[in-house]
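See below for the structure under consideration.
We count ligands from 1, going down the list as the structure has it; atoms in each ligand are counted the same way. Just so it is clear, the model here is predicted, and its values are computed rather than measured. FYI, side chains are in, hydrogens and waters are out, and symmetry mates aren't considered; it's all heavy atoms of this structure.
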Amino acid sequence: MTKTFALPTSSRRQVLDITGEVAEIVANNDVASGMCTVSVPHCTCAVRINEHEDGLAHDILTLMDGLVADGDWHHNRIDQNAGAHLAATLLGNSIQVPVEGGNLVLGTWQRILLIELDGPRHRRINVTLICG
Ligand code: ZN
């Protein structure tokens, strides 16, 4: 099954911790054991797993800037956001987390991060649960 929740982002680029929203969906859908996929149906944001720490969030966005800045990107001829598309491509639009006992199996410092690269926008996040 796939459940969807929505989240408004508030700036052009930001890193948001969505672990709580995902964990609530997992807990409310009787998945004792299985796999949780979190994905976004968008081309200019990403989902990753890492520590939610302000300095690291800044570093992730700075890294993406360095990789995609100031290119003669052809997509900019359409809507001037090629950098956001390219960064989203490099980061990826989905992650998977095992589920055991109705809980996400994450490391101590691991959080599920929505990385906005072309906000502010209204983003949808899909949580797909597979039991087994
Ligand atoms: Zn575009």
Side-chain angles (χ1 to χ4, degrees):
M1 88 190 79
T2 296
K3 303 284 185 178
T4 301
F5 65 95
L7 199 65
T9 59
S10 59
S11 59
R12 190 171 75 81
R13 300 179 319 142
Q14 66 187 129
V15 178
L16 297 168
D17 185 348
I18 59 171
T19 311
E21 289 91 337
V22 175
E24 186 177 333
I25 289 172
V26 171
N28 291 336
N29 283 278
D30 294 327
V31 180
S33 179
M35 188 62 75
C36 173
T37 298
V38 181
S39 62
V40 284
H42 305 292
C43 296
T44 56
C45 68
V47 180
R48 296 284 83 195
I49 294 175
N50 216 302
E51 185 174 350
H52 187 234
E53 186 273 321
D54 287 346
L56 180 60
H58 177 271
D59 292 343
I60 292 168
L61 297 174
T62 300
L63 172 64
M64 288 299 112
D65 266 353
L67 291 174
V68 304
D70 297 332
D72 180 23
W73 309 121
H74 290 202
H75 184 73
N76 280 338
R77 299 168 191 168
I78 298 173
D79 61 1
Q80 283 297 320
N81 69 350
H85 285 271
L86 293 168
T89 299
L90 291 171
L91 288 165
N93 82 323
S94 69
I95 54 95
Q96 285 194 308
V97 183
V99 175
E100 289 297 339
N103 297 307
L104 296 167
V105 181
L106 289 168
T108 302
W109 300 106
Q110 286 186 316
R111 308 295 289 179
I112 302 170
L113 306 175
L114 174 72
I115 303 174
E116 175 60 76
L117 298 160
D118 194 31
R121 292 175 186 259
H122 200 73
R123 298 301 194 180
R124 284 174 290 134
I125 297 101
N126 294 322
V127 180
T128 302
L129 300 171
I130 299 172
C131 300

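To the nearest 0.5 Å, atoms CD1 (I125) and CG (L16) are separated by 8.5 Å.
No option in V38, T19, L113, L106 other than L106 meets the side-chain contact (heavy atoms from CB on, under 4.5 Å) test with I49.
The atom of H75 that is an N, O or S and sits closest to the Zn ion (ligand 1) is NE2. In terms of distance to the Zn ion (ligand 1), the nearest N, O or S atom of H85 is named NE2.
Side-chain atoms of R48 come within 3.5 Å of backbone N or O of S94 as a donor-acceptor pair.
With 2.8 Å as the limit, N81 counts as an N, O or S neighbour of the Zn ion (ligand 1). At a cut-off of 2.8 Å, D118 is not counted among the residues with an N, O or S atom near the Zn ion (ligand 1).
With 3.5 Å as the limit, one finds a donor-acceptor pair spanning the side chains of N81 and H85.
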